[in-house]
Structures are given as C-alpha cells and as structure tokens.
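One structure is given below, encoded as structure tokens.
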Amino acid sequence: VPIYDSKSPNASNLKISRMDKSCGSVMGGDEIFLLCDKVQKDDIDIRFFEEDDEGGWEAYGDFSPTDVHKQYAIVFKTPAYHSTEIEKSVTVFLQLKRKKGGDCSEPKQFTYVPHVQDKEEVQRKRQK
Amino acid sequence: NPIFDKKATTTSELKITRLNTVKGSCIGKTEIYMLCDKVQKDDIEIIFSRGSWEAKAEFAQTDVHRQIAIVFKSPPYQDLDIYEEVEVNVLLRRLSDRMDSEPVKFTYTPHNPDPYGVNRK
C-alpha cells in the first residue's frame, strides 16, 4: 500500500491565489508578484499559453529559485508575446506548472497590451 | 532554563524582504504587496513613519498570505499638499511585544489633481 503524504508539496494542489498585475506590455519584462499555495523553488514553472486550432503558443515567466519566497510567493518577469505587433489587447492564460510530472494549477487570465510607440513614431505613421 | 524557539512567530525577528511598489501618491490608497518573514495575521501592523509622524497601513487578516506576504494599502501622508517627493520608512510591528522590523523606504509623491493647471487659469 503506497503511503500518501498529503502535506508533501508534490502531492498538494497548485494554486495561484493573487497577482499584483494581470496585464502588461506585449514586449514582456513586466515584474509580477504572485502569491500561491506551496511550491518547490526548483520544481516550478510559470507557463503563459494560448490555445487555438493551429496548436497554440506557450512561453515561460522568467525567475530564479531565489525569487521564490518561502514557498508561497514568486516574483517573476513576463515573457514577450509571440507577436509584438498587436494592435489590440490580447488575453492569454498563465498557470503554475511543475517541471517534474507536469501538474498544473487552474489558469488565470493575463492581458497583453500593445507596445506604446513614441510620439515621433506615431507622427511618422500619420504622415504616411 | 527557558526554551527559546527561534521559529515561533510570536518572538522571531521581523523582516521585510521586498515590496512590489516603493512609490505612491501622498493621498495614500496605493496597493502594495510585501514579502516578509513569518508573521501572525492577528498580531501584526505595518507602520509608515517619518520623524514623529506615524500611520498604519490598511489591510484585513485575509490579506496576509500564508504568513509570508501582506497585501495592503498605503495610508495618506500627514501633509497632502506636498510639492516635492517625501521619503518615509515602512516597517512591520508586532502588537504583542511592540517589536519593530528594520525599515524599508517608501516615497510619497505630490498629489496633483490638475496636472495641466487648467483650474488655475
């Protein structure tokens, strides 16, 4: 009979409780504070994804094990969206995902907003 | 001999690790995420201070996440008519023994409801 340890972080469910931001630049690089249920600092990824008929897209949040605070919070930087040329905001999902085993949390929404062009760039386009 | 439990949250050292925001309006209400060492949700305050001025940040016990993070709102600064940025201290204070953490810095920015000076004309 296997011994099931419900307190082991590997057995407990992954859950995102709260994030300080749910939108950011399409270019990525926005810092986000994420509060979560227990994670192992060397066995966790933050997966951004989009599902569509053509196979979808995924990318990973950027952080090191030292950015995982006491197993219950992660400070990370958003990945860039696959296209930085969007004209309207695009909503994707993110979730916690274990490297080993691949267990995932319920997803949360994240919205990529278009890159704000500088004024000269906008003017140049208007003159065309 | 007394047994000293270094891990007990009632006596352990208080420590602020990181804030997600270190700047906000002098009128307060800036939402801030703080990562910290273990705290008891019913025995902790976040104090903003400068000189003799002190104010408590606003949060509920449900805003304390797993003892290691607190989501709170900055209190208003004592003077809402500042024209320059003001740097203040933020610290954790345990109610039961009045123990304070080392402070971290937070900057209040002037509140300008009329940034283009329209009302002044």
Side-chain angles (χ1 to χ4, degrees), chain A residues 6-25 28-44 46 61-79 94-96 98 105-106 108-111 113 116 119, chain B residues 5-25 28-44 46 57-74 90-92 94 101-102 104-107 109 115-116:
Chain A
S6 64
K7 285 195 173 165
S8 144
N10 291 320
S12 66
N13 287 322
L14 293 169
K15 190 184 164 207
I16 298 172
S17 299
R18 207 160 168 176
M19 298 190 295
D20 69 338
K21 291 185 203 82
S22 59
C23 65
S25 167
D30 286 298
E31 187 181 80
I32 296 190
F33 277 47
L34 180 153
L35 308 184
C36 54
D37 279 3
K38 203 171 209 177
V39 295
Q40 301 278 50
K41 64 182 174 190
D42 49 5
D43 185 28
I44 197 74
I46 298 170
D62 181 20
F63 64 96
S64 69
T66 54
D67 295 317
V68 179
H69 177 70
K70 314 271 182 195
Q71 301 194 294
Y72 286 108
I74 307 173
V75 179
F76 69 97
K77 289 209 166 66
T78 56
L94 76 150
Q95 65 188 175
L96 293 169
R98 282 206 187 91
S105 71
E106 286 292 310
K108 293 263 187 198
Q109 289 192 332
F110 183 83
T111 301
V113 299
V116 183
K119 280 178 189 166
Chain B
D5 181 358
K6 278 207 296 199
K7 285 193 174 170
T9 50
T10 48
T11 54
S12 60
E13 208 173 315
L14 295 167
K15 189 178 166 222
I16 298 171
T17 305
R18 206 159 169 178
L19 300 180
N20 72 333
T21 307
V22 292
K23 213 175 234 202
S25 166
K29 299 273 179 206
T30 303
E31 188 182 78
I32 301 173
Y33 277 47
M34 173 194 285
L35 304 184
C36 55
D37 279 6
K38 274 192 173 185
V39 296
Q40 299 271 45
K41 62 183 173 188
D42 55 356
D43 189 24
I44 198 77
I46 298 169
E58 192 189 308
F59 63 93
Q61 289 188 16
T62 50
D63 295 319
V64 180
H65 174 73
R66 304 288 183 165
Q67 302 192 300
I68 57 85
I70 308 174
V71 180
F72 63 95
K73 290 207 166 70
S74 60
V90 180
L91 56 89
L92 284 168
R94 189 160 46 221
S101 71
E102 286 293 313
V104 297
K105 300 291 179 196
F106 181 83
T107 302
T109 58
Y116 302 106

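Nothing here was measured: the structure is a model prediction, and the numbers come from that model. Below, all heavy atoms of this structure are taken into account, side chains as well, without hydrogens, waters or symmetry copies. Each chain gets a letter, A, B and so on, in the order its sequence line appears, and its residues count up from 1.
Shortest non-hydrogen contact noted between B:H65 and A:C36 is NE2-O, 2.8 Å. In this structure, A:H69 and B:I68 approach most closely via the heavy-atom pair NE2-O, 3.2 Å.
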Criterion side chain to side chain contact (heavy atoms under 4.5 Å, CB included) on B:L35 and A:V75, from CA distance to verdict: CA-CA 10 Å; B:L35 304 184; A:V75 179; 3.7 Å; yes

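The side-chain contact (heavy atoms from CB on, under 4.5 Å) test with A:F33 singles out one residue from B:V71, B:N20, B:L19, and that residue is B:N20.
A distance of 4.5 Å separates CZ of A:R18 from CG of B:D63, quoted to the nearest 0.5 Å. Going from atom NZ of A:K38 over to atom CZ of B:R66 covers 9.0 Å, rounded to the nearest 0.5 Å.
Between the side chain of B:Y33 and the backbone N or O of A:I32 there is no donor-acceptor pair closer than 3.5 Å.
Proximity to chain A (any heavy atom under 4.5 Å) is restricted, for B:E31, to the side chain, taken from C-beta onward.
The local environment of NZ in A:K77 is sparse, with at most 12 non-hydrogen atoms from other residues, nucleotides or ligands closer than 6.0 Å.
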